[in-house]
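Single-structure report; data block below.
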There are 2 protein chains.
Amino acid sequence: MPLLMLKDLPRYECLLKAAQAHPELDPSAAEVFLHLLRSGDEVFRVVDRHFARHQISEGRFGVLMALWSSAERPGGDGRQALSPAELAEHTGVTRATITGLVDTLERDGLVARSPHVEDRRMRSVSLTPRGSALLRRILPEHFRRMAWLMATLDEQERVTLVRLLGKVLQRASEEVGEGASGSSVAVPLGAAEVVASHSG
Amino acid sequence: MPLLMLKDLPRYECLLKAAQAHPELDPSAAEVFLHLLRSGDEVFRVVDRHFARHQISEGRFGVLMALWSSAERPGGDGRQALSPAELAEHTGVTRATITGLVDTLERDGLVARSPHVEDRRMRSVSLTPRGSALLRRILPEHFRRMAWLMATLDEQERVTLVRLLGKVLQRASEEVGEGASGSSVAVPLGAAEVVASHSG
DNA sequence: CCCCGGTCGTTAGCCCCCTGATCATCTGCT
DNA sequence: AGCAGATGATCAGGGGGCTAACGACCGGGG
């Protein structure tokens, strides 16, 4: 019966028992599902705790990194400026959220807003020296944490994990895609697929 | 240079290039890290979109499921009641957050608060009939979605994925643990471990 | 030339999540 | 008994995410 409770993952026998009451429940699928969410959350917390010491959240880091990488990008002529819409595109949040993030980042002196030269609707958000300095201070430890987290996996295991996660990721992403299978609404959950997964 | 940007995962060669500028960056570790966060997020969105149609968020669902499973639990004498502190324990959020969640759930008639019989500090939160009905309406589709998401993986791949995620999960969780290795603060990122992970 | 659809950034309002403080109550110690 | 500390729930305040709606601005078609 536990399904999205991220704490204390249920034992597999518990899932088996729950599957008796709920024929739609695939115990091994649920187990993978719960492990994926739980480990993703826990891994996120590890880096988030590091960021938090510098008053940086995931969203703030995303904005800073987008500006940083835009400055590093060869074609970008070295400018460290993106429009809020571009930032939203890169970080995967809405433009309204970018407004709020840039508000606080600007308040803290990490980025600066300036009017766009060509299009007067737009604004240019750029990294301040203080913002660059913060990134340079944060990144090495961030990289170390990623390396440390994955240090339990050898090279072969990493390849396997990326491959399996990639399969799940593709599956999860195709839902928001163009609904290729011609299912009813946005949910390609035709009975055939579910049955196939059960009999397979 | 992209690190936590969940959209458009960086190509591996890009990570290799970034690693030249940042010696702390382990490209394959970063690749696994990004895939894990990205796929976890995308999988979460799939079920979250389903919940959203019923005005249910992850937190709300966690509370409802905790009450539901407490009612189903054999030792619990069938009562569908937990204290806010127990709910916080089961769902992994703070008690203050539980207060807010229960506020809105109570407003929507899905749970009810009542004074605790033994301890006048506590309150009993219980599932209303409407709350149970909502769960019964939501769960089958939720189970189908989990099964559908994992239908791309055969049984062997599921076992492998759970095992590898388990290794990472343990690694990520031991940080918040009792600091078994006797490291400095809450971060067992001693230079020894990092070096070991590089040379290993 | 002007208008109309589309895009841009922002605002308003909501939910969820956190920390820290507050107040009520229980419990153990003297 | 009475007080101190622990433990309950809640509130205050903040950040970050969303949708919906707005005013400003661009561009193309009459």
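A, B, ... follow the sequence lines: proteins, then strands. Residue 1 opens every chain.
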Would you confirm whether B:His116, through its side chain, and B:Glu118, through its main-chain N or O, come within 3.5 Å as a donor-acceptor pair? yes
I want to check one thing: is the phosphate of D:dG16, taken as OP1 and OP2, less than 4.0 Å away from some side-chain N or O of A:Thr97? no
Evaluate B:Leu110 against B:Ile56 for side chain to side chain contact (heavy atoms under 4.5 Å, CB included), listing each step before the verdict. CA-CA 11 Å; B:Leu110 302 175; B:Ile56 288 297; 4.3 Å; yes
Within less than 4.0 Å of OP1 or OP2 of C:dC15, is there a side-chain N or O belonging to B:Thr104? no
Once you apply a heavy-atom cut-off of 4.0 Å, does A:Ser57 come out as touching a base, just sugar-phosphate, or nothing? sugar-phosphate
Ion pair present between A:Glu157 and B:Arg163, side-chain N to carboxylate O less than 4.0 angstrom? yes
Note the angle between the end axes of the helix from C:dC1-D:dG30 to C:dT30-D:dA1, five pairs defining each, rounded to 10 degrees. 10°
Length of the CD-P vector between B:Glu118 and D:dT7, whole Å: 18 Å
Round to the nearest Å and state the distance from A:Gln55 atom CD to D:dG16 atom P. 10 Å
Between CG of B:Leu64 and C1' of C:dC16 the distance, given in whole Å, is 15 Å
Once side-chain hydrogen bond (donor to acceptor under 3.5 Å, both in side chains) is applied, what residue pairs with a partner in residues 101-115 of chain B remain, sequence neighbours excluded? B:Arg60-B:Thr104, B:Arg60-B:Asp108, B:Asp103-B:Arg113, B:Glu106-B:Arg113
In terms of the nearest nucleotide of DNA chain D, which residue is placed more toward the 5' end: B:Ala96 or A:Arg60? B:Ala96
Pair B:Arg158 + A:Asp26, salt bridge at N-O below 4.0 Å: yes
Treating Ile, Leu, Val, Met, Phe, Trp and Tyr as nodes and any side-chain heavy-atom pair under 4.5 angstrom as an edge, say whether B:Leu25 and B:Phe33 lie in one connected cluster. yes
Take the protein atom CG of B:Asp48 and the nucleotide atom P of C:dC15, then report the distance between them rounded to whole Å. 15 Å
In whole Å, I'd like the distance from the CG atom of A:Leu105 to the P atom of C:dT10. 13 Å
Main-chain N/O of A:Gly109 paired with A:Thr128 side-chain donor or acceptor, under 3.5 Å: yes
Looking only at heavy atoms, the pair that brings B:His22 and A:Leu139 closest together is CE1-CD1, 4.4 Å
Using only atom types and a distance under 3.5 Å, with no angle test, would you say the side chain of A:His142 pairs donor to acceptor with the backbone of A:Ile138? no
Please state whether the phosphate of D:dG15, meaning OP1 or OP2, lies under 4.0 angstrom from any side-chain nitrogen or oxygen of A:Arg107. yes
Specify the separation, in whole Å, of atom CG of B:Asp103 and atom C1' of C:dC14. 14 Å
Can you build the contact string for nucleotides 4-9 of chain C? Use B for base contact, S for sugar-phosphate-only contact, and - for no protein heavy atom under 4.0 Å. --BBBB
note: B:Glu58, atom CD; C:dC18, atom P; distance rounded to Å ~ 10 Å
Using side-chain heavy atoms (C-beta onward) and a distance below 4.5 Å, is A:Pro84 in contact with A:Val125? yes
What is the nucleic acid contact for B:Gly59, judged by heavy atoms within less than 4.0 Å: base, sugar-phosphate only, or nothing? sugar-phosphate
Would you mind classifying the nucleic acid contact of B:Ile98 as base, sugar-phosphate or nothing, using non-hydrogen atoms under 4.0 angstrom? nothing
Whole-Å distance separating the CZ atom of B:Arg120 from the P atom of C:dC23: 19 Å
